[in-house]
**Q** 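First the structure, which I've put down as structure tokens, then a few questions once you've had a look.
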Amino acid sequence: MLWSLIKIIAFVAIVAGLTFGSIYLLESEGGVMVTVAGVEYSLGPFQTALALIALVAAVWLFIKALGLLVATLKFLNGDETAISRYFDRNREKKGYQALADSVTALASGEGRTAMEKARLAEKKLHKPELTNLIVAQAAEMSGDTKKAEETYKKLLQNEGTRFVGIRGLMKQKLEAGNTEVALKLAENAFALKPRHVEVQDTLLRLQTESKDWKGARGTLNAKLRHGTLPRDVHRRRDAVLALSEAKELIAEDASIETQEQAIEANRLSPDLIPAAVMAARGYVAKGKPRNATRLIKKAWDAQPHPDLAAAFAEIAPEETPEARIKRFKTLTKNTASHAETKMLMAELYIAAEDFPEARRALGDLVETDATQRSLTIMAAIERGEGANDAVVKGYLAKALSAPRGPQWVCDTCHNIHAEWAPTCDNCHSFDTLSWTAPPETEGLSETGAAMLPLIIGALEDHSEAEAEDAEEADVVEGEATEAPAEAEETPKEELKSA
């Protein structure tokens, strides 16, 4: 409304200015005398102004006519588009100016303005492969997803813009949560441009989320082939995919294929703990305990883990506790100072009921790196050595508020998982789970903070009450022994006095 009012006021002002200017020229005296071919022409001020305007118009028409003549000569000389280019030149100029304005508006975040300028450019240029892309992006910026989707579908009709249209539709489906359609679009986009890094990563993520491990391995190989993935990272992630494929085969009871896939995963990445565990169990099932022992030792030296210890124990399930301790010493000799090794050996000695050796194996772990597991082991050692309930329950009370120790933690979002998985359940990142201690929260947990003083305080009060009762019992017993003596002395004194 305001803009319309401004235009009306400007129009009235221009008309008024021209009117007053014309009146002034008509009332002015003097003029201009022009001599042409011996003939003199006397022009007044108003006539002079009209003559100048006519002269400018004549020059402009002459230039245009000259350009048309040149275009006609080119057409006669064989250039079939010369005349059409001459008439379209001005329109193209305006069209490209509108296109430039639309790009500028898009970069400035003005979605509506960019759409209007793009439509004007389309009318002038008739090049939808340029303007449709701007319209689609401007529609997305303005929140008009329906218009954006329609425009992206138009881009599919042109061979040169088909990839852009597929990629735009893929991103829209991802934002809408329609991963099934997005996966198909990502596959089509990857077929058109396999070197596109964003499409590679999106396709790999969608394939891992849908558990298409075979397809994901193909995409991973393409990333390596096109140089967008380092070779060592490729080996690690290929091992993760091979392991995931093997775990899927377990659910299908394909034991032979499972063992082969697990062994391949372990070969690709020996430090991948789940792969080592699965491969070791595959060797045990095949009756090859030496192979299982060798690969578990290699994985244990890289990263000690309870699952590796469990798999190592399954190699000889019927052995005695003493024989198991001897066999496990060969596994842990290179990692004797590791916390996992200390707790493992302490547990083995507890199973053998050798509690002093279990204490020596655990060392000072409860002071230097106290966790729920180490404190629980220490409580078992104290119980085995005959300590009173106050000491045992004291360690158990401390375990309530102690850290849990290393767990499977996502490196991206720090989400904790109960068991290893190829992708994070929270952020869906691929191959980001590490066996490490999660970030500690400040302060004790609410349950631990509430129960700790109850347990320890109650134990201390109970022990103090027992001590007081014991002292009172001793005093009473002492008084009871002294009373008969006094009773015996009294009759003797009475006899003497008698």
Side-chain angles (χ1 to χ4, degrees), residues 208 211 213 216-217 220 232-251 258-286 288-315 317 327-328 330-345 347-348 369 371 373-374 403-412 414-425 429-438:
T208 54
K211 297 183 179 181
W213 311 119
R217 295 186 74 179
L220 198 69
D232 56 340
V233 178
H234 169 265
R235 288 180 61 87
R236 161 75 184 191
R237 294 185 176 179
D238 194 30
V240 172
L241 293 174
L243 175 61
S244 303
E245 191 174 3
K247 293 180 72 175
E248 288 294 321
L249 291 174
I250 286 179
T258 300
Q259 295 166 8
E260 292 176 352
Q261 291 287 350
I263 293 169
E264 180 187 4
N266 180 253
R267 178 183 60 81
L268 293 171
S269 184
D271 61 338
L272 185 59
I273 294 171
V277 171
M278 189 176 294
R281 287 171 176 163
Y283 279 128
V284 172
K286 289 182 178 181
K288 299 179 179 180
R290 292 185 178 180
N291 293 341
T293 301
R294 184 175 63 253
L295 69 88
I296 289 179
K297 284 183 178 180
K298 189 173 183 179
W300 183 272
D301 290 341
Q303 175 67 68
H305 192 276
D307 291 347
L308 294 173
F312 194 71
E314 293 174 6
I315 297 176
R327 189 168 63 89
F328 266 84
T330 62
L331 174 68
T332 61
K333 62 181 180 180
N334 295 331
T335 59
S337 60
H338 197 278
E340 182 62 36
T341 298
K342 292 180 179 180
M343 289 187 289
L344 171 63
M345 295 308 298
E347 289 173 343
L348 293 175
D369 187 17
T371 60
R373 183 181 170 195
S374 63
R404 293 185 60 183
Q407 300 172 74
W408 290 114
V409 182
C410 177
D411 298 333
T412 303
H414 305 294
N415 188 47
I416 300 174
H417 297 70
E419 60 180 9
W420 180 88
T423 56
C424 176
D425 296 336
S429 299
F430 176 67
D431 189 26
T432 56
L433 267 63
S434 301
W435 181 254
T436 184

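Heads up: numbering here begins at 1 and tracks the sequence.
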**Q** Taking C-beta and beyond as the side chain, do Tyr283 and Ile296 meet within less than 4.5 Å on heavy atoms?
**A**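 The answer is no; the side chains never approach within 4.5 Å.
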
**Q** Could you check whether any side-chain heavy atom of Lys288 comes within less than 4.5 Å of a side-chain heavy atom of Arg294, counting everything from C-beta outward?
**A**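 Counting from C-beta outward, Lys288 and Arg294 never come under 4.5 Å.
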
**Q** Are any non-hydrogen side-chain atoms of Asn291 and Lys286 less than 4.5 angstrom apart?
**A**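 Not touching, per the 4.5 Å side-chain cut-off.
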
**Q** For Thr335, is there any backbone N or O sitting under 3.5 Å from a side-chain donor or acceptor partner on Thr341?
**A**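 Yes; judged by distance alone, with no hydrogens or angles, the pair exists.
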
**Q** How long is the straight-line distance from CG of Asp431 back to SG of Cys410, given to the nearest 0.5 Å?
**A**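 Answer rounded to 0.5 Å: 10.0 Å.
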
**Q** Which heavy atom of Asp425 sits nearest a heavy atom of His417, and at what distance?
**A**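 Smallest heavy-atom distance, with atoms named: N-NE2, 3.2 Å.
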
**Q** Distance check, rounded to the nearest 0.5 Å: Arg236 atom CZ versus Leu241 atom CG?
**A**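 Spacing of CZ (Arg236) from CG (Leu241) equals 11.0 Å.
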
**Q** Rounded to the nearest 0.5 Å, what separates atom CH2 in Trp420 from atom CG in Leu243?
**A**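 The distance works out to 4.0 Å.
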
**Q** Working to the nearest 0.5 angstrom, can you tell me the gap between His338 NE2 and Thr332 OG1?
**A**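 It comes to 12.0 Å.
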
**Q** Under the side chain to side chain contact (heavy atoms under 4.5 Å, CB included) rule, what do Asn334 and Lys297 come out as? Steps first, then yes or no, please.
**A** CA-CA 9 Å; Asn334 295 331; Lys297 284 183 178 180; over 6 Å; no

**Q** Would you mind telling me which of Leu344, Ile273, Leu295 makes a side chain to side chain contact (heavy atoms under 4.5 Å, CB included) with Trp300?
**A**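 Result: among Leu344, Ile273, Leu295, Leu344 is the only option passing the side chain to side chain contact (heavy atoms under 4.5 Å, CB included) with Trp300.
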
**Q** What I'd like to find out is whether the side chain of Pro438 reaches to under 4.5 Å of the side chain of His414, using heavy atoms alone.
**A**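 Pro438 vs His414: side chains apart.
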
**Q** Using every non-hydrogen atom in the two residues, find where Ala239 and Ser269 come nearest and quote the distance to one decimal.
**A**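 Closest approach of Ala239 to Ser269: CB-CB, 3.4 Å.
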
**Q** Identify the heavy atoms of Ala336 and Lys342 that sit nearest to each other, and give their distance.
**A**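 Looking at all heavy atoms of both residues, the shortest contact is O-CG, 3.9 Å.
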
**Q** In Å, rounded to the nearest 0.5 Å, how long is the span from CG of Leu348 to CE of Met343?
**A**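 Answer rounded to 0.5 Å: 12.5 Å.
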
**Q** Looking only at heavy atoms, which two atoms of Leu331 and Asp301 are closest? And how far apart?
**A**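 Taking Leu331 first and Asp301 second, the nearest heavy atoms are O-OD1, 4.2 Å.
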
**Q** Minimum heavy-atom separation for Ala216 and Thr208, please, with both atom names.
**A**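 Where Ala216 meets Thr208 most closely, the heavy atoms are CB-CG2, 4.2 Å.
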
**Q** Using the ring-ring contact (aromatic ring centres under 6.0 Å, His included) rule, take His305 and Trp408 through it: C-alpha gap first, then chi angles, then the decisive distance, then the call.
**A** CA-CA 11 Å; His305 192 276; Trp408 290 114; 5.4 Å; yes

**Q** Working to the nearest 0.5 Å, report the span between NE2 of His234 and CZ of Arg217.
**A**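 Spacing of NE2 (His234) from CZ (Arg217) equals 8.0 Å.
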
**Q** Looking only at heavy atoms, which two atoms of Pro306 and Trp435 are closest? And how far apart?
**A**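 Of all heavy-atom pairs spanning Pro306 and Trp435, the closest is CD-CZ2, 3.8 Å.
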
